[in-house]
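Here is the structure we will look at, set down as C-alpha cells.
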Amino acid sequence: MNMIPTIVMKELTEITRDRKTLFFMLALPTFVMPLLFYGVFTIAKKMAVKERDRVLKVAIIGEGDMGALRALYADSTQFELVENVKEANVRAMIREESLDAALMVPDSFHQNLQDGFQVEVPVQFTGASQIDMVFRRVSEPLEGYSETLRRQRLEALGVAFSLKQQGVIEPLVAKQDSLASSRERYGEQMGAFLPYVFIIFTFFGAIYPASDLGAGEKERITLETLLLSPVNRLQLVLGKYIVVALAGVVSAVLSILSTSVSMVYFVKTLEGGKVKELTSFLSAIDTMDFLQIGLLILPLAAIFAAVLLSISIYAKSYKESQTYLMPVQYMVLVPVILSTLPGMKLSYQTALIPLLNVSLASKEIIKGTIDPLQYVLIFLSTLAFALIGIVFCTKWFQREDVLFRN
Amino acid sequence: MIEAKGLEKVFKIKGKRGNGAAEAGDPRDEGKVFRALRGVSFRCDKGMVLGLVGPNGAGKTTTLRILSTALTPTKGGIIIDGEDYSLFPNEIRRRIGFLSGTTGLYPRLTAKEMVQYFGRLHGMESKHLNRRMDELFERFGMLDYVNERNDKLSTGMKQKVNIVRTLVHDPSIFIFDEPTTGLDIMSVGVFLDFLSESKHQNKTIIFSTHSLHEVETLCDQVVIINRGISSFAGTSAMLKQETGETALERAFARRIRQDEEMEGAA
C-alpha cells in the first residue's frame with residue numbers, strides 16, 4: 001500500500017505549523033532580497049547624496065600668495081575655507097573632523113607654474129570611509145584650474161582650437177568595440193550573483209524541515225512508534241524526503257521571484273546612462289530562462305534533501321543535527337564561490353560537478369548562452385547524485401546503530 | 001500468543017568504551033562487542049499479562065524492542081500463534097501495539113490527527129478508522145480535547161492519546177516498555193485501567209516494569225531478565241517459593257544474587 005501521500009500530508013501539516021520553518025522557508029527568501037536591494041541601496045544612496053551635498057571644511061596651507069587658489073574654494077558654496085590653520089595641526093584636525101581636507105601647497109608653487117612645469121598639490125584627508133567623496137570634491141576645482149592653465153599654455157604654443165588641443169594631449173585613443181551583447185556582459189555579473197541566492201535559499205529552506213523530520217523524531221521520542229508501523233522504510237524516507245525537498249524548492253522559487261522583482265525595482269530607481277542597457281538586459285530574460293533555472297532547482301533540492309535528512313537522522317537531537325549542519329553550510333558555499341572565479345566556465349567536465357554545475361549553468365542561462373547538451377548533462381548528473389543520496393538515506397534509515405544511537 | 005525463542009543480540013561498540021549498560025565485570029562486555037541478550041526465551045498466551053523484570057541494563061528494553069521489531073535479533077526468533085514471523089516484521093507490526101512511558105507525541109498535531117495518522121499507516125480505511133476513533137475517544141473521555149494540539153495537553157491527556165494511538169488498529173498483542181515510568185498518579189491510573197480492560201478482552205500483554213507491586217497485582221507470569229539471560233519464568237508465587245522469601249522484592253533480589261553467584265562460579 002502506498003503510504004507516501006499520508007506521510008507527506010502529515011509532515012506538511014507539521015512543518016507549516018512551525019514558525020521557525022515558516023520563517024526560513026517562506027519569510028526569509030521572500031523578504032531578504034527586497035530588504036537588501038531596497039533597504040541597503042536606499043540607505044547607501046541617501047548617504048552618498050548627503051556626502052555629495054555637505055559643505056566641506058578646507059584649509060590651504062602654504063607660503064606666499066594663495067589668492068587664485070583661495071578664490072577657487074572661497075567662491076563656492078560647497079566649501080568653507082578654514083583660516084589660520086598651522087601645518088602641524090592639520091592631521092589632528094582632520095582626524096577629529098574639524099577639517100575635511102587640506103591642500104598642502106608647495107613653496108615653489110607659483111614659480112613652477114610660471115615656468116610651465118607640472119605642480120603636485122597633495123590633498124590630505126582621511127580616506128577611510130567607504131563613501132568618501134572628499135578627495136574627488138576637493139580636487140574638482142583644482143582640475144578646473146588645471147584645465148584653464150592647460151588651455152592657456154597650449155594657446156601660447158599656438159594650439160588654439162579645442163579639437164586640436166585634444167589631439168595634442170591624446171593623439172591616439174583605443175575604443176572598445178566588444179562583440180558581447182549587453183545581455184552577455186551584464187549576465188556575467190548578474191548571473192554570478194543569482195546562484196548565491198537560489199542555491200543558498202534551497203539549502204536554508206530545507207534545513208529546518210530536515211532537522212525536524214529526522215532528529216526531531218528522535219528528540220520527541222516518536223521515531224520508535226513510527227518505525228513500528230507496518231510501512232516499509234523506503235516509503236517512510238521518501239515521504240519525509242519529498243517534504244524536505246519541497247521546502248527547499250519553495251524557498252528557492254520565492255528567492256528567485258523576489259530577487260527578480262527587487263532587481264527590476266532597483267534598475268528603475270537608478271539614474272545615469274546605464275539604465276537603458278540594464279533595462280534591455282533584464283527584459284531580454286524571459287519566462288523560458290526562469291523555467292530553465294527552476295528545473296535545475298529540482299535535482300539541487302533533491303541532493304540537499306538527501307544530505308540533510310541523512311545527517312538529521314544520524315543526529316541524536318535537534319541541537320546535534322544543527323551542529324553537524326554548520327560545516328555543510330560552508331561546503332555549499334565553496335562551489336558557488338568557485339563559479340565566480342575568472343576563467344571558471346561551464347564545460348562537459350564542470351557539468352558533472354554537483355552545485356558548481358548548477359551555479360555555472362544559471363550564469364549561462366542569464367547570459368543567454370547555455371548549451372542545451374550541457375544543460376541536459378547537468379540535469380542528469382545532478383539527478384544521479386540525488387538518487388545516490390536517496391539510496392544512502394534509505395540505507396541509513398534501516399541501520400539500527402543510526403536509529404538507536406542514543 | 002507470542003513467544004520469544006532463544007533471543008540473542010550483539011551490539012558492536014564504537015568509539016568510547018561501553019554502552020552505559022555494562023557494569024564493571026559484566027560478562028556480556030567482550031571488548032569490541034556487547035552481548036546485550038545471550039538467550040531470552042518466554043511465552044505469553046492470549047488473555048495473559050507477562051511482567052518482564054530485571055535490574056537496569058539487564059536487557060528488558062532490548063528484548064521488547066526485538067519483540068516489537070524495532071531491532072533485529074542476532075539469533076533466535078519470534079513466534080506468533082505458532083508461526084515464526086522473524087523474517088516478516090510488517091506482519092508482526094500489524095498485530096502489536098507498542099507503548100512506553102516516554103513515548104512522545106507530535107506536538108504540532110492535534111490528538112485526532114495523531115491517532116488518524118497512525119491508523120492510516122496501519123492501512124485502515126477512512127470510514128472504519130473514523131468509526132474506531134469516535135469509539136475510542138468516547139471510551140477514554142477525550143471528546144473535549146481531540147482537536148487540541150498535543151503540546152497543549154496535560155501529561156494525563158497525552159498518555160490517553162498514546163493509549164488510543166496504540167489501540168487504534170486493534171492489535172492482539174500489547175508490548176509496554178516501562179509504561180508508568182515518569183507518569184503522574186492520574187496517568188498511571190489511566191494506564192492501569194486500560195491494562196486490566198485489555199486483559200479482559202483476551203489480549204496478549206507483555207510489559208517491563210520496575211514496580212514489583214504492579215507485577216504482583218497485574219501479572220499472571222513473571223520473567224526475570226538478568227545480564228541478557230531469562231533466568232526465571234513462572235508466577236510470582238513460584239518465585240517466592242523457589243527463593244524461600246515471602247516478599248516479592250526480596251525474592252527478586254535473592255534470585256538476582258543467585259544468578260550472579262552461579263555465573264561467577266562457572
Does any heavy atom of chain A fall under 4.5 Å from the side chain of [X], the backbone, both, or neither of them?
| X | answer |
| --- | --- |
| B:Tyr106 | both |
| B:Ile92 | neither |
| B:Ser100 | neither |
| B:Pro107 | both |
| B:Glu91 | neither |

Among B:Arg65, B:His169, B:Arg120, B:Lys12, which residue forms the greatest number of heavy-atom pairs with chain A at distances under 4.5 Å? B:Arg65

For chain A, find which of B:Thr69, B:Ile96, B:Thr103, B:Leu71 contributes the most heavy-atom pairs closer than 4.5 angstrom. B:Leu71

Using 4.0 Å as the upper bound for N to carboxylate O, is an ion pair formed by A:Glu224 and A:Lys218? no

Test: B:Glu8 and B:Arg38 ion pair at under 4.0 Å: no

Check whether [X] gets within reach of chain B through its side chain, its backbone, both or neither, counting any heavy atom under 4.5 Å.
| X | result |
| --- | --- |
| A:Asn2 | neither |
| A:Ile7 | both |
| A:Asp18 | both |

Less than 3.5 Å apart, any donor N or O on the side chain of A:Gln322 or A:Ser211 sitting next to an acceptor on the other? yes

So, B:Thr110 versus B:Asn147: side-chain donor-acceptor pair below 3.5 Å or not? no

Tell me the residues of residues 124-132 of chain B whose non-hydrogen atoms fall below 4.5 Å from those of chain A, in number order. none

Side chain to side chain donor-acceptor pair (under 3.5 Å) partner of B:Asp170, chosen from B:Lys203, B:Gln201, B:His122: B:Lys203

Which atom names give the shortest non-hydrogen contact between B:Gly76 and B:Leu7, and what distance separates them? C-CD2, 4.1 Å

A cation-pi test, strictly: NZ or CZ of B:Arg95 under 6.0 Å from the centre of the six-membered ring of B:Tyr85 and no more than 45 degrees from its axis. Yes or no? yes

Flag this pair as yes if the NZ/CZ of B:Arg28 is under 6.0 angstrom from the six-membered ring centre of B:Phe34 and inside a 45 degree cone about the axis; otherwise no. no

Walk me through whether B:Lys112 and B:Asp134 qualify under salt bridge (Lys or Arg N to Asp or Glu O under 4.0 Å). CA-CA 10 Å; B:Lys112 190 176 179 178; B:Asp134 290 344; 5.4 Å; no

Which one wins on heavy-atom pair count under 4.5 Å against chain B: A:Thr6, A:Asp401, A:Ile15? A:Thr6

Validation: residues 227-241 of chain A side-chain donor-acceptor distances under 3.5 Å, sequence neighbours left out:
residue, atom, partner, partner atom, Å
A:Ser229, OG, A:Leu226, O, 2.5
A:Asn232, OD1, A:Leu234, N, 3.2
A:Asn232, OD1, A:Gln235, N, 3.0
A:Arg233, NH1, A:Phe397, O, 3.4
A:Gln235, OE1, A:Met3, N, 2.6
A:Gln235, NE2, A:Met1, O, 3.0
A:Lys240, NZ, A:Glu11, OE2, 2.9
A:Lys240, NZ, A:Leu213, O, 2.8
A:Lys240, NZ, A:Glu217, OE2, 2.7
A:Tyr241, OH, A:Ala302, O, 2.7

Quick one: are the ring centres of A:Phe203 and A:Phe201 less than 6.0 Å apart? no

